[in-house]
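Note that the numbering runs from 1 along the sequence shown for the chain. All figures in this text were calculated on a predicted structure; none of them were measured in a lab.
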Amino acid sequence: MYSEIQRERPEVGNIMAHPDYIDGNPGLIKPKKLLNPVKASKSHQELHRELLMNHKRGLGVESKPELQRVLEHRRRNQLIRQRKEEEEAKKLKSPFEQELLKRQQRLDKLEKEEEKHEEHAPEFIKVKANLRRTATLTGEEKVV
């Protein structure tokens with residue numbers, strides 16, 4: 001019985017209901033096709049038009065707009081120029097200036113080390129140094 005049902009498959013058109021307006025009855029109003037609000041919007045139309053133009057020109061969807069490419073190119077060139085200028089500035093320093101810089105760096109390093117040693121000194125040594133300073137100042141003031 002089941003096999004008989006499978007053999008006698010009804011056509012798809014027979015299953016679906018036929019609309020009344022196909023009969024050609026002039027008294028009925030034929031429905032209009034609804035517009036898709038997304039496709040009807042201006043922004044969607046412009047985007048679709050731009051995609052079609054890009055496709056015709058052979059540009060991919062991933063490619064960037066021309067303005068963005070130009071700005072990125074300018075930024076890249078500017079960074080390269082700045083790096084070259086910095087390198088040239090380093091090269092243009094005379095040996096005398098280089099020696100002065102080395103000496104300055106060495107002196108700064110020594111001063112930092114001295115400050116570290118002073119910070120680690122015990123409290124009574126710091127107080128004693130302050131007392132000596134005040135004692136010498138008062139002794140000089142008496143002489144004057």
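- Just one residue in the list Glu72, His73, Arg74 forms a side chain to side chain contact (heavy atoms under 4.5 Å, CB included) with Val70, and that residue is Arg74.
- Surrounding CD of Glu66 are at most 12 heavy atoms belonging to other residues, nucleotides or ligands under 6.0 Å away.
- Here the side chain of Glu97 pairs a donor or acceptor atom with the backbone of Ser94 at under 3.5 angstrom.
- Side-chain contact check for Asn54 and Arg57: at least one donor-acceptor pair (N or O, by modelled atom type) lies under 3.5 Å.
- To the nearest 0.5 angstrom, Ser41 atom OG is 8.5 Å from Asn36 atom CG.
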Only distances under 3.5 Å count here; give the side-chain donor-acceptor pairs of residues 106-116 to other protein atoms, sequence neighbours excluded, each with its distance to 0.1 Å.
residue, atom, partner, partner atom, Å
Asp108, OD1, Gln104, NE2, 3.2

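- In this structure, the separation between CD on Gln45 and NE2 on His48 is 9.5 Å, given to the nearest 0.5 Å.
- Note that CG of Leu51 and CZ of Arg49 are 11.5 Å apart. Values are rounded to the nearest 0.5 Å.
- Side-chain contact check for Arg75 versus Leu71: some heavy-atom pair is nearer than 4.5 Å.
- Note that the CZ atom of Arg103 and the CD atom of Gln98 stand 14.0 Å from one another [nearest 0.5 Å].
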